[in-house]
A.B. asks: 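I have a structure I would like to understand better, so I am pasting it below and will then ask my questions one at a time.
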2 protein chains.
Amino acid sequence: MESPRVRDPERTRERILDAAQALILDHGFSATSVDAIVGRAGATKGAFFHHFGSKADLAKALVERYAALDRAHLEQGLARAGKLSSDPLQQLLLLIAFYEEEFEAMQEPFPGCLFASYIYEAKLFDDATLAVLRESTLLWRRVLRAKLEEAAAVHPPRREVDMESLADLFYSLSEGAFVMTKTLGDKTLLARQARHLRNYLELLFGPADGAATRPPS
Amino acid sequence: MESPRVRDPERTRERILDAAQALILDHGFSATSVDAIVGRAGATKGAFFHHFGSKADLAKALVERYAALDRAHLEQGLARAGKLSSDPLQQLLLLIAFYEEEFEAMQEPFPGCLFASYIYEAKLFDDATLAVLRESTLLWRRVLRAKLEEAAAVHPPRREVDMESLADLFYSLSEGAFVMTKTLGDKTLLARQARHLRNYLELLFGPADGAATRPPS
DNA sequence: GCCATTATACCGACCGGTTGGTATGTATCA
DNA sequence: TGATACATACCAACCGGTCGGTATAATGGC
């Protein structure tokens, strides 16, 4: 039989958000029409404007969902690292390694980051929407900076470095690697860039001989 | 008297390209209308379609100009570094330092990179246009990788690293820092991120004890 | 030097198609 | 039976692009 046309408004909403995200990462927000979104989502314009007041509303809802997932993902990774090691430096290295694993396990080419997509069309969004980007960026900075200072307390860094910008390196390098992967279509690039961030931390905080990571004594 | 309406087609063309670039970095390509471009450039639609066959043509011409400047800038920096030091590692460190200087000297907030802007609307451009992005990315990889291998020959790295992805770190980190600056509006961020790349190279290729240069065995 | 001819550079009204958004109708649920 | 969750037809505004026209510069014959 045909699908019995079950009603599931939450799923419809999610399908629209999913379709919008995929299209926006390929075409940008402006070039992604409402018709194209509902076409891909298997919905109609009526459904779209029932769930979202406007296209701008969708933009905000979409990036809020994205930011929440991003945040949960980061905190989950840190929690997992915290269970595996009590050393803050090891936790950071593990966190990066987790991301590397995920990048390596990816099937399709990385579709890109919604934050970067938005910021290169920044003038199209209202300040409440852009505030989500800022807050997400600052969250990364805050969380990683705290962990880095813990690590520095245990393992005095071999050079004096600014901890804020060192924390920013995580976000920065991620975004840059996303741009580069999208440009070259090279799936391995993400993990290989992350590897260098790990190397840097190991060299910076590691023992003077620069040997590979050792479990904390 | 009024400006005597001098004819200068090349300048008109450049003015259109300049206006387009500024608008595209803020709104993206799709949301930048031809009317907006010519409005900002002080030209008309007639002039636009006289100089460019279509909006897509402008996109290609614009990114080609951008790529040529980017390439010239990189090669100039390397040439300048080559005059100041004969050591390839020092040349790389100088190259980064030059970029840091420029970032620090900037008045207005960094407007962003056209490559990243395009890649997040990738589906809007034909392959010839996207090829410009790829070629520019690969140029950075090629040039820096060659220099890094020279450096590694003189200063054996303290860890085994993949030189290709190490070369990619330059482009990657730049793009990421651009995204982050655009998000936070923090002018100092660019130079501070570049500083870490310099640190990484110094730690990686530098002497083990941090005192004297180790002669190659 | 001078004028006729041609090519270039530009102008701006206009066109068909697409856009975000609305109005109205209908089916499904509580 | 009222409210929710859609579906569809429609609209005004805007989009890239065209086209007839004009003003200026370059060219060539004399």
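Computed from a predicted model, the values in this text were never measured in an experiment.
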A.B. asks: Measure CD1/Ile16(B) against P/dG16(D) and give the value in whole Å, please.
C.D. replies: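 Atom CD1 in Ile16(B) sits about 14 Å away from atom P in dG16(D).
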
A.B. asks: Is Arg11(B) paired with Glu14(B) through a side-chain N to carboxylate O contact shorter than 4.0 Å?
C.D. replies: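 Here Glu14(B) does not pair with Arg11(B) in a salt bridge, since their nearest N and O are not under 4.0 Å apart.
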
A.B. asks: Please state how far atom CZ in Arg13(B) lies from atom C1' in dT8(C), giving the value in whole angstrom units.
C.D. replies: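 Rounding to the nearest Å, CZ of Arg13(B) and C1' of dT8(C) are 15 Å apart.
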
A.B. asks: I need the His196(A) NE2 to Leu169(A) CG distance, nearest 0.5 Å.
C.D. replies: 12.5 Å

A.B. asks: Can you sort out which residues in residues 23-34 of chain B have a heavy atom within less than 4.0 Å of DNA chain D? Ascending by number, please.
C.D. replies: Thr32(B), Ser33(B), Val34(B)

A.B. asks: Should the ring pair Trp140(A) and Tyr99(A) be called parallel, tilted or perpendicular, given that the plane angle runs from 0 to 90° and is split at 30 and 60?
C.D. replies: tilted

A.B. asks: Charged N to carboxylate O under 4.0 angstrom, Arg134(A) versus Asp186(B)?
C.D. replies: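 Salt bridge flag = no for Asp186(B) with Arg134(A).
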
A.B. asks: Checking side-chain polar atoms at under 3.5 Å, does Asp168(B) have a donor or acceptor matched by the opposite partner on Ser165(B)?
C.D. replies: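 Ser165(B) and Asp168(B) do not have a side-chain donor-acceptor pair below 3.5 Å.
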
A.B. asks: Got a sec? Which of residues 45-65 of chain B come in under 4.0 Å of DNA chain C, heavy atoms?
C.D. replies: Gly46(B), Ala47(B), His50(B), His51(B)

A.B. asks: Can you measure Asp35(A) atom CG to dG17(C) atom C1' for me and round it to whole angstrom units?
C.D. replies: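 Computing the Asp35(A):CG to dG17(C):C1' distance gives 13 Å.
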
A.B. asks: Mind checking what makes salt bridge (Lys or Arg N to Asp or Glu O under 4.0 Å) contact with Glu104(A), not counting sequence neighbours?
C.D. replies: none

A.B. asks: Phe29(A) vs Phe125(A) aromatic rings, parallel, tilted or perpendicular, using cut-offs 30° and 60°?
C.D. replies: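 Tilted: the ring planes of Phe29(A) and Phe125(A) meet at 30° to 60°.
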
A.B. asks: Can you tell me how far C1' of dG20(C) sits from CG of Leu124(A), to the nearest Å?
C.D. replies: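 One finds 14 Å between C1' of dG20(C) and CG of Leu124(A), rounded.
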
A.B. asks: Return yes when atom CD of Glu75(B) has more than 12 non-hydrogen atoms of other residues, nucleotides or ligands closer than 6.0 Å, and no otherwise.
C.D. replies: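 Correct, the count exceeds 12.
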
